[in-house]
Amino acid sequence: MTTIRRIAILTSGGDAPGMNAAIRSAARSAVSHGWEAYGVRRGFAGLMAGDFKALGPRDVGGVLQQGGTFLGSARAPEFKTAEGQQKAVEALSAAGIDAVVVIGGNGSQTGAHALSKHGIPVAGIASTIDNDLAGSDITIGVDTALNIALEAIDRLKVTASSHQRAFLVEVMGRDCGYLALMAGIAGGAESICIPEIPTTPEQVAAELDDAFQRGKTHGLIVVAEGAAHDATALAAYLVEHGKHRPGYEVRSSILGHVQRGGIPTASDRILGARLAAHAVDCLARGQVNVLAGMVANQVTATPLAEVAGKHKPFPSDLFDLAKTLVR
Ligand code: F6P
C-alpha cells in the first residue's frame, strides 16, 4: 500500500454546482489524515502541465456558495493519449504527489481509470449534471441544474397560459434524458422527449392537441438536448402542423449552460461534502481506483473499471409515471 503524504485534487469536464464543496471537503479531509492537499488548475490539462497550487484549509474557505469550480475545468483530449498520460505521471512525480482525486463525470472517470493503470492511486467523485454515471444513483450538480430548469419551466408555463401557447423547453444532459424527465415530471409537462424513449414529432403534436382539447391553456414540452428531434426541429414541425388552428402558437427556449452556472443547492453541497470525504477515506485505507458515489442512500466505492465508459440504467418507470400524470 502506497504511503500517502500529498494528494492532488482536480475537477474535470463540464463544471457542476457543488464541485467547490467537494474540493473543500477533499482538501480538509486530507488535512485530517495528516496529508497535504494540492489543487490542479484546469483539470487533466493542468495535470499534464504540472499546474498545481497548495490547498490549505483556509484556501478552500468561502467557496461553498459559488457555482462552477474555483480550480477551473477543461476538456483535455490530449489526456486520452499515452503521451498525455505519461506527462501527467511525470508531473505528479516531480511534485511529490502520491494520489489523485478526480471530481467529474463519465469522461473524467474514464481519465481517472487510465491514470490508475499507470500505478497512481486514484479516487473519483461522481459529479455531472447529466446523472448518467454508473456507480452513483445521483451525482453532484444534478439537483441544482434540475431546479434551474424547473424555475424556467414554471415561468414559461405562466406566459404560455396567458397566450394559450405551446412551449418547447430544451434542457441539457448530453445523450441522457434524466434531467428532461425529472424536469418534466416536476414541471407537469404535457410531453417529454428523451433519447432513451424516442417520441416522433407526430406523437408530440397529438399530445399537444389532446392537451388543448382537454381544456388546457398551455402546452409544455420538455426536450432533452440528446433527443432524436431537438426543440428547434420539433418547433418547426409543430408550427407547420398547427398552421390553420386558431390559438395554436409555438415558442421555444433552449436553456443550455444556464443550468450549469447556478448557486449550488443544499443537497449538492452536502453530496459534495460526503462523497469527497469518502473518497479521501478510501485512499487512506488503501481502497484505491474507485468512484465515491451514492447508492441506495449510502456512500459507496465502486471500482473505476466498472464505471469507466459505462452508463447506468435509465429509470423508464418514471417515464410511465409522467404519462399517467398527463390528464
Ligand atoms: O456533461 C455536462 C454537459 O453540460 C452536457 O449536459 C452538455 O451536453 C455538455 O456538458 C456541454 O459541454 P460544453 O460545456 O463543453 O459545451
Side-chain angles (χ1 to χ4, degrees), residues 10-23 41-46 66-80 102-113 124-153 168-184 186 192-196 222-233 252-265 268 271-272 275 291 293 307-312 314-315:
L10 66 85
T11 48
S12 157
D15 62 345
M19 277 183 160
N20 286 330
I23 299 166
R41 295 187 184 88
R42 299 172 297 109
F44 288 110
Q66 292 170 21
T69 157
F70 76 90
L71 287 177
S73 189
R75 311 259 183 218
E78 192 194 347
F79 191 72
K80 290 184 184 154
V102 175
I103 305 168
N106 252 315
S108 309
Q109 301 310 335
T110 301
H113 183 47
I125 296 174
S127 177
T128 163
I129 66 161
D130 300 339
N131 206 25
D132 57 349
L133 189 61
S136 196
D137 294 344
I138 191 81
T139 50
I140 297 167
V142 173
D143 188 60
T144 309
L146 184 54
N147 278 293
I148 292 169
L150 189 57
E151 188 183 340
I153 286 170
L168 291 138
V169 186
E170 187 176 296
V171 302
M172 273 192 161
R174 202 180 290 277
D175 48 9
C176 176
Y178 183 90
L179 274 181
L181 178 55
M182 296 305 161
I192 301 172
C193 302
I194 51 177
E196 294 82 356
V222 180
V223 187
E225 66 172 336
H229 306 275
D230 64 14
T232 309
S252 53
S253 292
I254 297 173
L255 297 186
H257 293 79
V258 163
Q259 288 157 101
R260 288 224 311 245
I263 295 171
T265 58
D268 276 328
L271 187 62
L275 295 189
L291 176 82
V307 168
K310 307 256 172 33
H311 289 258
K312 70 179 157 219
F314 189 74

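Numbers here are sequence positions counted from 1. Ligands are counted one by one from 1 in listed order, and the atoms in each one are counted from 1 as well.
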Taken in chain and number order and not counting sequence neighbours, the residues that satisfy side-chain contact (heavy atoms from CB on, under 4.5 Å) with Thr139 are Ala126, Thr128, Asn131, Leu133, Ser136, Val142

The atoms of ligand 1 lying under 4.0 Å from a heavy atom of Arg75, numbered in the order shown, are 9 (C), 10 (O), 11 (C), 12 (O), 13 (P), 14 (O), 15 (O)

Nearest non-hydrogen protein atom to atom 6 (O) of ligand 1, with distance, is Asp130 OD1, 2.7 Å

among protein heavy atoms, the one nearest atom 9 (C) of ligand 1 is Arg174 NH2, 3.5 Å

When distances are taken from atom 3 (C) of ligand 1, the protein heavy atom at minimum range is Arg260 NH1, 3.4 Å

OG (Ser12) and CZ (Arg75) are apart, to the nearest 0.5 Å, by 8.0 Å

**Asked** Quick one: are Leu255 and Ile148 in side-chain contact, heavy atoms under 4.5 Å?
**Response** no

Note: ligand 1 atoms sitting under 4.0 Å from heavy atoms of Gly173 are 6 (O)

Would you say Gln259 contacts ligand 1, with heavy atoms under 4.0 Å as the rule? no

for atom 16 (O) of ligand 1, nearest protein heavy atom and its distance come out as His257 NE2, 2.9 Å

task: Show your working on side-chain contact (heavy atoms from CB on, under 4.5 Å) between Leu291 and Ile125 and close with a plain yes or no.
output: CA-CA 6 Å; Leu291 176 82; Ile125 296 174; 5.7 Å; no

State whether the shortest distance between N or O atoms of Ile129 and N or O atoms of ligand 1 falls below 3.5 angstrom. no

For Glu225, the atoms of ligand 1 under 4.0 Å from one of its heavy atoms are 5 (C), 6 (O), 7 (C), 8 (O)

Between the CZ atom in Phe44 and the CG atom in Leu10, the distance rounded to the nearest 0.5 Å is 5.0 Å

One should read off an interatomic distance between Asp268 CG and Asn20 CG, to the nearest 0.5 angstrom, of 11.5 Å

ask   = Just wondering, do Tyr178 and Ile138 contact through their side chains at under 4.5 Å, heavy atoms?
value = yes

